[in-house]
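As the structure is a prediction and not an experimental result, all values here were calculated from the model. What's counted below: heavy atoms across the whole structure, side chains too, no hydrogens, waters or symmetry copies.
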Amino acid sequence: MSSPSNVGALHGNVLTALGTAIVSGEFPAGHVLTLEGVGAQYGVSRSVAREAIRVLESMGMIESRRRVGITIRPSTSWNVFDPRLIRWRLESNDRAAQLVSLSELRRGFEPAAAALAARRANPDQCRIMAAAVSDMVVHGRAGDLEAYLLADKVFHRTLLEASGNEMFRALNDVVAEVLTGRTHHGMMPEIPNPAAIELHDEVARAIRLRDEDAAERAMRAIIDEAATAVADSDEGSG
């Protein structure tokens, strides 16, 4: 009998495999699956297959109908804000388009969030952002990209929380997946760009000084720098 942890791992593995297959086009829109087929293909029980299907249905990626089966829905129906879907798209051939889309999204809300943070951030949040920048400096110089990524995620999460806007705060997982994907897919230089770290410092300083315009401007520059770096790395690998 499988333990709960083993069942959870199986579910996660099947969910990722199915999600990746859908995103990559292996299972295109209109393709029909069955629980029996999923179970046989991935070597799992019907209950594990059903749970993975249930999650994909909640993400808008599939639709279950009696006498029809489990049908793959077109990408226009997908919940594109779901962090799992973002992760799968970043792992697929759709990576470049996904990064462009995410950069455009970030440009639409993070500068505004930075301006709001300059108005609303409390002293503790200011300290956390300043400490995150210091960590980015240290880990960037050492070339420790995983530690740098952690500090970068802390910075952006705190900024979104400091905006005081629950909608912006809810987008933290989206930003985290962008930052993680860039690092884990070789789109970060071995030594992070010092200019990018300096821009993070400018944002933190502007927020601390309650300078909304400067915070917004520096945040937009961070996103533009990242988008340019990703585009350059993609061209270099092409």
Side-chain angles (χ1 to χ4, degrees), residues 1-103 105-106 109 145-147 149-150 152-154 156-157 160-161 166-187:
M1 183 174 177
S2 299
S3 69
S5 60
N6 288 338
V7 171
L10 286 172
H11 160 65
N13 291 341
V14 174
L15 176 62
T16 298
L18 282 171
T20 301
I22 294 170
V23 165
S24 69
E26 180 183 343
F27 295 152
H31 182 79
V32 177
L33 301 170
T34 64
L35 284 177
E36 293 76 12
V38 170
Q41 181 168 354
Y42 299 105
V44 296
S45 67
R46 186 182 178 91
S47 62
V48 170
R50 184 185 294 109
E51 179 62 17
I53 292 299
R54 185 192 65 77
V55 174
L56 291 170
E57 193 166 19
S58 74
M59 296 169 66
M61 299 180 73
I62 62 173
E63 181 179 24
S64 298
R65 296 172 62 186
R66 286 189 177 182
R67 291 192 288 274
V68 174
I70 302 159
T71 307
I72 310 301
R73 301 182 73 189
S75 59
T76 51
S77 300
W78 300 351
N79 176 11
V80 293
F81 288 99
D82 192 297
R84 292 165 296 194
L85 178 53
I86 292 171
R87 191 179 314 134
W88 297 334
R89 291 187 68 189
L90 289 175
E91 291 171 353
S92 74
N93 294 332
D94 195 30
R95 182 181 306 153
Q98 173 73 134
L99 285 168
V100 168
S101 179
L102 289 167
S103 292
L105 173 66
R106 291 183 68 194
F109 75 87
L145 294 184
E146 285 299 324
L149 170 62
L150 178 59
D152 200 9
K153 289 197 290 189
V154 167
H156 288 276
R157 182 185 70 234
L160 293 175
E161 290 173 350
E166 72 276 12
M167 297 293 188
F168 288 160
R169 185 171 61 247
L171 291 169
N172 172 63
D173 287 344
V174 172
V175 175
E177 286 298 335
V178 177
L179 300 176
T180 301
R182 184 183 173 193
T183 298
H184 291 174
H185 293 293
M187 295 182 172

> Using a strict cut-off of less than 4.0 Å between a Lys/Arg side-chain nitrogen and an Asp/Glu carboxylate oxygen, indicate whether R54 and E57 qualify as a salt bridge.
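No, no charged N to carboxylate O under 4.0 Å.
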
> Who are the salt bridge (charged side-chain N to carboxylate O under 4.0 Å, His left out) partners of R84, not counting sequence neighbours?
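Listed in chain order: D82.
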
> Tell me every residue that passes side-chain contact (heavy atoms from CB on, under 4.5 Å) with H184, counting only those two or more places apart in sequence or in another chain.
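With neighbours one apart ignored, the set is E146, L149, T180.
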
> Looking at every heavy atom in both S64 and I70, which two are closest together, and how far apart are they?
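The answer is OG-CG1, 3.8 Å.
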
> Keeping the roles fixed (side chain from R157, backbone from N172), state whether a donor-acceptor pair exists under 3.5 Å.
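Side chain of R157 to backbone of N172: no pair is present.
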
> Is a side-chain donor or acceptor of S101 paired with a backbone partner of Q98 at a separation under 3.5 angstrom?
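Checking the backbone N and O of Q98 against the side chain of S101, no donor-acceptor pair under 3.5 Å is found.
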
> Is there a side chain to side chain contact (heavy atoms under 4.5 Å, CB included) between S47 and R50? Walk through the geometry before answering.
CA-CA 5 Å; S47 62; R50 184 185 294 109; 4.3 Å; yes

> With the side chain counted from C-beta on, respond yes when L179 and V175 share a heavy-atom pair under 4.5 Å apart, and no when they do not.
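Side-chain contact under 4.5 Å: yes.
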
> How close do A52 and L15 get, counting heavy atoms only, and between which atoms?
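In this case the closest contact between A52 and L15 is O-CD1, 3.8 Å.
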
> Name the atoms and distances for all side-chain donor-acceptor pairs under 3.5 Å in residues 18-39, with sequence neighbours left out.
| unit_1 | atom_1 | unit_2 | atom_2 | d |
| --- | --- | --- | --- | --- |
| T20 | OG1 | T16 | O | 2.7 |
| S24 | OG | T20 | O | 3.1 |
| S24 | OG | A21 | O | 3.1 |
| S24 | OG | E26 | N | 3.3 |
| T34 | OG1 | G37 | N | 2.9 |
| E36 | OE2 | R46 | NH1 | 2.3 |

> Residues two or more places apart in sequence or in another chain: which of them pass salt bridge (charged side-chain N to carboxylate O under 4.0 Å, His left out) with R169?
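Once residues adjacent in sequence are excluded, R169 has no partner under the salt bridge (charged side-chain N to carboxylate O under 4.0 Å, His left out) criterion.
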
> Kindly give the heavy-atom pair with the smallest separation between I86 and V80, and that separation in Å.
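Distance-wise, the nearest heavy atoms are CG1-O, 3.6 Å.
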
> If you look only at pairs with a residue in residues 32-87, which of them pass as a ring-ring contact (aromatic ring centres under 6.0 Å, His included), with sequence neighbours excluded?
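ring-ring contact (aromatic ring centres under 6.0 Å, His included) check on residues 32-87 returns no pairs.
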
> How far does CD1 of I62 sit from CZ of R73, to the nearest 0.5 angstrom?
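So the CD1 of I62 and the CZ of R73 are separated by 10.0 Å.
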
> Of all residues at least two apart in sequence or in a different chain, which pass the salt bridge (charged side-chain N to carboxylate O under 4.0 Å, His left out) check with R87?
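Scan of R87 (salt bridge (charged side-chain N to carboxylate O under 4.0 Å, His left out), adjacent residues dropped) gives E177.
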
> In Å, rounded to the nearest 0.5 Å, how long is the span from CE of M59 to CG of L85?
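It comes to 5.0 Å.
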
> So, for D173 and P83, which heavy atoms are closest and what is the spacing to 0.1 Å?
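Closest approach of D173 to P83: CB-CG, 3.5 Å.
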
